[in-house]
Amino acid sequence: DLAASASRIGQANCTGSYSRIYHRSTLKTAAATAESAQKEGGCGGRSKSISSVKINVGRSSLLQQQILSELELEEEDVPGCDIPIFTEEFLEHNKAKETELRSLRKSNADLEEQNLILTKHVSNMKVAIERLEKEANRQQIANTLLHNYVTSLKRTLVKAFVGVPLPDTAEVPTIDTIEAYLIRLSELVRETHAAATFVTQVNDIVSQLKCELRSLSSSSSAALPPPPNSQS
């Protein structure tokens, strides 16, 4: 956008310079005509009345002053435009402006190419961000489902072993102590001097839990969202 604006400004400046030069030339011609008319008005009183001559001379003088004032303003407002048209200096000035315009066009083309590359990068970043957001949402859903699965599993185990206190401490499991309870229960079952009735009771409970835990695990796995690669 900056390069395009610079290009338009350069073209406008160059065109404006030519227009001002032509306008100044026209104004100078008009000033010369007004001066000539003033002289003719002052010397041609034989065919006109004195009052008509005075009016014409006054009008010519006023027109000449206005034209000269406008020329002075043009020269003050536009520096570098007092070059006579079609001179060597004018041609050099024109050549410099054309070189500057070509440089601005080249800069504009380079900036447009960079803008296109940046636009592609932005599009790729948007696609990557969208993909990562979907993955984060999927992971959040999976974490929630796994948390619910662990809570349900703990409740199921507590319900199954609540009637089996540990032989050495008479401890029964709770939601908060079920993990430590199972570790200690496993150690007691592996001991050689463990009571046969205690081991049999534990094995029966585990056998009953297998089907229930398998069903719970299947339902939790089915609720998990599929990974992004498997989505169509």
Side-chain angles (χ1 to χ4, degrees), residues 1-38 59-148 221-232:
D1 294 338
L2 292 176
S5 300
S7 178
R8 289 194 294 269
I9 291 171
Q11 293 176 353
N13 289 336
C14 187
T15 304
S17 298
Y18 299 154
S19 299
R20 292 188 182 96
I21 292 172
Y22 177 77
H23 183 55
R24 289 179 66 258
S25 178
T26 303
L27 289 176
K28 287 181 179 179
T29 303
T33 303
E35 185 177 0
S36 176
Q38 182 180 359
R59 289 179 179 177
S60 299
S61 178
L62 180 61
L63 177 61
Q64 184 180 9
Q65 291 178 359
Q66 291 178 350
I67 293 174
L68 292 176
S69 298
E70 188 172 353
L71 285 173
E72 292 176 356
L73 290 176
E74 287 285 340
E75 292 177 354
E76 292 177 358
D77 294 340
V78 186
C81 291
D82 55 348
I83 306 173
I85 191 170
F86 298 132
T87 61
E88 186 68 24
E89 186 179 0
F90 173 81
L91 295 177
E92 290 294 333
H93 178 74
N94 184 36
K95 182 178 179 181
K97 291 298 181 181
E98 289 180 351
T99 303
E100 182 181 357
L101 182 59
R102 284 195 298 270
S103 177
L104 290 174
R105 287 175 178 171
K106 184 178 182 302
S107 300
N108 184 38
D110 294 339
L111 291 174
E112 287 180 352
E113 183 178 358
Q114 293 179 7
N115 188 31
L116 181 60
I117 295 174
L118 291 176
T119 302
K120 291 181 179 179
H121 286 333
V122 170
S123 299
N124 294 335
M125 291 297 295
K126 288 182 178 179
V127 172
I129 290 173
E130 183 179 358
R131 184 175 64 252
L132 291 175
E133 287 178 349
K134 290 181 179 180
E135 177 64 17
N137 293 333
R138 192 188 77 86
Q139 290 294 336
Q140 185 175 1
I141 294 173
N143 291 338
T144 302
L145 293 174
L146 289 175
H147 177 74
N148 294 337
S221 299
L224 288 174
N229 293 336
S230 63
Q231 294 179 350
S232 57

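Residue numbers start at 1 and run along the sequence shown. Bear in mind that the values here come from a model prediction, so they are computed numbers and not experimental data.
Side-chain atoms of N115 never come within 3.5 Å of backbone atoms of L111 as a donor-acceptor pair (strictly under, hydrogens ignored). Between the side chain of S107 and the backbone N or O of S103 there is at least one donor-acceptor pair closer than 3.5 Å. The backbone N or O of Q139 lies less than 3.5 Å from a partner atom in the side chain of N143, making a donor-acceptor pair.
Under the salt bridge (Lys or Arg N to Asp or Glu O under 4.0 Å) criterion, E113 pairs with no residue, sequence neighbours left out.
Here the straight-line distance linking atom NZ of K106 with atom CG of L101 works out to 14.0 Å at 0.5 Å rounding. Atom CE of residue M125 and atom CG of residue L118 lie 12.5 Å apart, to the nearest 0.5 angstrom. Rounding to the nearest 0.5 angstrom, the gap separating the NZ atom in K134 from the CG atom in N137 is 10.0 Å. Rounding to the nearest 0.5 Å places CD of E133 at 7.0 Å from CD1 of I129. In this structure, the separation between OG1 on T144 and NE2 on H147 is 8.5 Å, given to the nearest 0.5 Å. The distance from the CD atom of Q114 to the NE2 atom of H121 is 10.5 Å, given to the nearest 0.5 Å.
One finds a salt bridge joining R138 and E135 here, because a Lys/Arg side-chain nitrogen approaches an Asp/Glu carboxylate oxygen to under 4.0 Å.
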